[in-house]
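Input: a single structure, listed below in structure tokens.
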Protein chains: 4
Amino acid sequence: MNKITLLINCKDQSNIIATVTNFVAINGGNIIYLDQHVDTEQDIFFMRLESEFISSSFSTDKFKSSFKKEIAGKIEMKWRIYSSETKPRMALFISKYDHCLYDLLGRYNSGELNLEIPFIVSNHVDLKTIADNFNIPFYHIPVTKETKSEAEDKQLELLEKHNIDFIVLARYMQIVSSKLISKYPNKIINIHHSFLPAFVGAKPYHSAFKRGVKIIGATSHYVTEELDAGPIIEQDVAHVTHTYSIKDLIAKGRDLEKIVLANAVKLHANRKVMVYNNKTVIFS
Amino acid sequence: MNKITLLINCKDQSNIIATVTNFVAINGGNIIYLDQHVDTEQDIFFMRLESEFISSSFSTDKFKSSFKKEIAGKIEMKWRIYSSETKPRMALFISKYDHCLYDLLGRYNSGELNLEIPFIVSNHVDLKTIADNFNIPFYHIPVTKETKSEAEDKQLELLEKHNIDFIVLARYMQIVSSKLISKYPNKIINIHHSFLPAFVGAKPYHSAFKRGVKIIGATSHYVTEELDAGPIIEQDVAHVTHTYSIKDLIAKGRDLEKIVLANAVKLHANRKVMVYNNKTVIFS
Amino acid sequence: MNKITLLINCKDQSNIIATVTNFVAINGGNIIYLDQHVDTEQDIFFMRLESEFISSSFSTDKFKSSFKKEIAGKIEMKWRIYSSETKPRMALFISKYDHCLYDLLGRYNSGELNLEIPFIVSNHVDLKTIADNFNIPFYHIPVTKETKSEAEDKQLELLEKHNIDFIVLARYMQIVSSKLISKYPNKIINIHHSFLPAFVGAKPYHSAFKRGVKIIGATSHYVTEELDAGPIIEQDVAHVTHTYSIKDLIAKGRDLEKIVLANAVKLHANRKVMVYNNKTVIFS
Amino acid sequence: MNKITLLINCKDQSNIIATVTNFVAINGGNIIYLDQHVDTEQDIFFMRLESEFISSSFSTDKFKSSFKKEIAGKIEMKWRIYSSETKPRMALFISKYDHCLYDLLGRYNSGELNLEIPFIVSNHVDLKTIADNFNIPFYHIPVTKETKSEAEDKQLELLEKHNIDFIVLARYMQIVSSKLISKYPNKIINIHHSFLPAFVGAKPYHSAFKRGVKIIGATSHYVTEELDAGPIIEQDVAHVTHTYSIKDLIAKGRDLEKIVLANAVKLHANRKVMVYNNKTVIFS
């Protein structure tokens with residue numbers, strides 16, 4: 001049995017659901033999931049659909065060609081079709097913090113994540129042992145102000161060589177330049193340790209402490225040119241009190257960061273996220 | 001412009017989405033919302049669909065007849081079609097607690113609730129002034145062990161006279177008998193002041209205090225013959241500590257109760273709830 | 001039996017707890033609650049203490065004098081002593097939104113709030129009926145750009161005449177000037193409809209929608225000269241999705257606003273809040 | 001500088017705070033934290049106090065003797081005094097699930113946990129590699145119905161040999177007998193994968209699915225003779241919907257389990273938990 005996931009977005013118009021579901025039915029598919037959304041302000045239609053095909057002669061490539069000709073050729077739309085057989089390939093960028101790394105690798109190891117991790121890259125060697133313990137290739141690419149451009153070239157080379165689909169910055173602590181962003185648009189996932197848009201930039205827990213907030217948060221978002229301003233995928237928060245020191249906020253925040261990042265990674269890897277106008281539609 | 005909401009559930013089968021969306025398209029409808037769910041264990045398909053019809057000749061009754069003949073006549077299913085012009089009519093059953101009452105009437109007054117409240121009934125007169133202030137007819141029907149059956153007859157008479165669609169027990173504090181339940185199956189909404197299935201029955205905050213839980217909850221559910229065991233519509237919780245007395249738990253709980261009940265009422269009134277096997281599918 | 005609440009803050013120093021608790025014991029008090037906090041960065045000590053006095057000769061005024069002489073005269077500190085017999089007097093400032101008003105008055109009516117509400121003031125007459133229903137004097141003081149200063153004079157007159165202790169802006173929708181703020185420092189409670197410091201200023205739900213956040217919030221804080229930047233008393237949040245329109249965000253937000261504001265009012269009225277450096281210590 | 005933590009509980013009585021804080025002051029201590037609680041129903045007083053001692057001649061043992069003589073000898077109480085220099089020693093009992101194990105060891109490794117882990121014991125060898133990677137001795141003690149008593153003897157031997165202070169069952173999946181419980185009363189921490197007291201016993205996620213709850217939870221508690229009925233230390237919950245399969249509930253639950261267990265471990269290791277009447281007082 002073959003299974004595909006179809007994502008489309010286009011100008012909102014009559015009969016679009018009927019047209020697409022009919023196409024799937026005619027091609028022998030049984031729809032097992034369908035969700036849709038209309039942004040009524042922008043007049044944009046979004047749909048995510050999963051379908052199973054029993055016929056042994058089914059091929060995802062043929063289905064794609066057919067969809068392109070019969071549907072996408074007639075209605076102007078953005079569309080993607082994924083075979084459930086192909087797992088997305090994720091590169092992990094890390095630095096010195098290990099909590100998100102342990103969390104993601106623990107999940108990866110236990111089969112919770114529907115993806116491949118061909119390698120881990122870091123600007124420091126501190127966490128190499130962890131990568132080794134999980135038997136994942138580790139590349140140390142130091143980054144300084146002077147060598148940043150060169151370092152990103154090395155990163156790009158690795159990414160291309162390993163056919164990477166998306167990048168996860170698991171507390172990478174470096175600002176990624178447009179060189180990488182332009183190659184992986186809405187494909188670089190960051191975890192920011194605040195409830196965005198509050199406390200953009202460095203040291204958000206220090207700012208939260210100073211402002212005396214009663215709740216802290218973490219935000220996972222796609223990286224765009226503007227710092228911490230990309231489309232938000234997932235957020236969560238925790239209540240805190242005046243008794244929390246900055247150190248306490250950081251410790252509490254780590255638990256938020258790892259869970260929020262893991263959820264964002266799962267949503268992306270399962271092709272449940274669509275991006276438009278710097279926002280996300282999450283079909284969960 | 002006419003707008004209808006269609007809810008169906010049936011044995012899961014191929015092409016059901018395509019069939020129904022096609023039917024809507026052929027009849028001049030533009031689907032503005034569609035959500036579906038398959039219970040893969042029970043092999044049941046659920047769908048909720050909203051559609052707009054521009055044609056001035058459209059009639060909900062004709063559409064219903066046509067749907068019955070063309071779709072429901074061919075595929076065995078449970079189905080309901082509502083016109084958005086018809087607001088559901090809700091009867092409020094209350095006793096002596098006023099927090100859910102104020103909350104619901106405040107929302108009703110400000111236009112937040114898509115429903116009519118033809119009357120309020122209570123076994124006590126304490127809250128009559130509130131009903132008066134909101135200009136809603138108030139009926140006092142005392143209930144004792146001896147007069148319960150007779151009281152329920154009076155309630156039924158009111159319910160039928162006012163064409164009531166569903167009943168909300170806003171901390172009514174009386175057990176409703178099968179006489180009413182059988183006439184309003186999955187149409188009587190209760191708010192229970194615990195996180196069900198924990199603390200079924202009377203005095204759940206006392207039980208929560210005794211057990212030393214760190215979180216309390218509230219649950220809104222449809223009333224069935226078995227006490228506090230009906231299909232759950234909505235639940236929410238709040239963190240508490242050892243410093244909470246029973247009185248504190250009750251005060252904190254009131255906030256949960258009124259918000260959870262209001263959410264359940266909105267979901268039901270907006271026809272977003274489907275019930276099967278003592279569970280709910282919530283298309284929110 | 002008399003009961004007092006004592007709040008102090010001073011430079012952190014040795015033996016301060018022992019000194020104060022001893023003083024209370026010597027004066028015949030039995031401490032029923034004590035909480036303290038040290039801001040180790042700023043080196044400030046905070047304490048809140050409740051004590052019961054059985055002796056019929058006890059007088060809060062005498063205790064105050066004695067405390068002033070024996071303790072506050074020897075250790076430089078800020079201190080307040082309240083008798084539990086004296087309920088704080090709260091003025092309600094409202095405009096056109098009724099959800100916070102209904103919520104607060106419902107709680108007031110049922111005895112949940114330990115305070116008096118001598119009057120309600122509004123710049124519009126829309127909600128006068130609600131005040132009437134709850135039998136609370138209602139003053140209509142219109143505010144325009146031109147009449148603002150004059151209007152605030154009228155408000156001040158009312159506040160003084162009624163011996164008001166603190167002011168609650170229950171979605172008052174007007175910026176309060178320094179004329180009022182300087183007379184009621186850390187005694188004007190506002191509810192802002194966002195998770196501060198995100199979305200300061202007007203139309204936060206519109207900004208939240210535009211930014212595509214996955215969580216919205218509400219914040220209750222003391223009013224200071226800088227807009228929405230005063231000490232935070234209470235915050236809460238709710239998860240939202242891409243399906244929420246601005247109208248949906250506003251509706252969901254109303255539930256947060258009323259609960260958060262009510263909690264802040266209770267904390268303040270029960271003398272559980274201390275302010276310093278634009279932050280709060282909440283002894284709950 | 002020496003630092004001690006003092007925990008006491010006794011019948012509620014006048015002047016107890018003054019008496020104890022005075023004693024600490026006289027002995028050269030500076031109180032840096034004090035929290036207390038009175039269970040007014042049971043008339044029990046609880047206090048937790050942290051104090052620093054600058055004098056180089058201070059000894060925790062001398063202070064204990066003195067406290068025993070001067071305070072505990074005069075007022076009937078339960079009391080414990082810990083030196084902050086002594087880290088509690090924790091034994092980890094595991095089985096086949098790795099998520100709590102990775103989470104705890106990750107925290108341990110990064111210095112977040114104020115404790116020692118002398119060894120890990122498991123009834124299966126599956127997770128030995130993880131223990132090895134973290135350089136913690138791993139003991140495989142198989143448990144069958146027939147060998148259970150013998151296995152517990154081996155466990156007890158290890159526990160005694162390593163001077164273990166408390167045991168954490170990190171999804172150990174075996175019922176611990178009274179043989180262990182009686183030796184470690186309120187010192188065995190379990191994580192149960194439901195919101196207790198709902199869904200006691202095996203397969204709580206299956207029960208939650210069947211009941212159709214809208215929220216799932218996890219509970220960390222001390223192990224007592226009655227299954228899943230011991231004093232609750234920490235609970236947390238997550239919202240779920242009808243779209244969650246049992247597998248989805250289990251995956252979501254894992255995130256709750258590991259965070260809740262880690263929080264409970266931290267509270268216990270930092271001596272912030274007091275137990276009485278099958279409930280906990282948490283001085284956090």
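A note on names: the letters A, B, ... follow the listed sequences, proteins ahead of strands, and every chain is numbered from 1. The structure displayed is predicted, hence computed values, not measured ones.
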Using a cut-off of under 4.5 Å on heavy-atom pairs, state which of B:Thr40, B:Leu34, B:Ile31, B:Asn22 scores highest against chain A.
B:Leu34
B:Tyr108 atom OH, over 12 foreign heavy atoms within 6.0 Å:
yes
A:Ile26 versus chain B, heavy atoms under 4.5 Å apart: side chain, backbone, both or neither?
neither
Flag yes if more than 12 heavy atoms outside A:Tyr97 fall under 6.0 Å of its OH atom; otherwise flag no.
no
Hey, which of A:Asn15, A:Val20, A:Asp12 has the most heavy atom pairs under 4.5 Å with chain B?
A:Asn15
Whether over 12 other heavy atoms sit under 6.0 Å from A:Lys210 NZ:
no
To the nearest 0.5 Å, atom NE2 of B:His37 lies from atom CG of A:Asp35 at 12.5 Å
Within a radius of less than 6.0 Å around CD1 of A:Ile54, do more than 12 heavy atoms belonging to other residues, nucleotides or ligands occur?
no
Sort A:Gln13 into side chain, backbone, both or neither according to what part of it lies under 4.5 angstrom from a heavy atom of chain B.
backbone
Quick one: what part of B:Tyr33 sits under 4.5 Å from any heavy atom of chain A, side chain, backbone, both or neither?
both
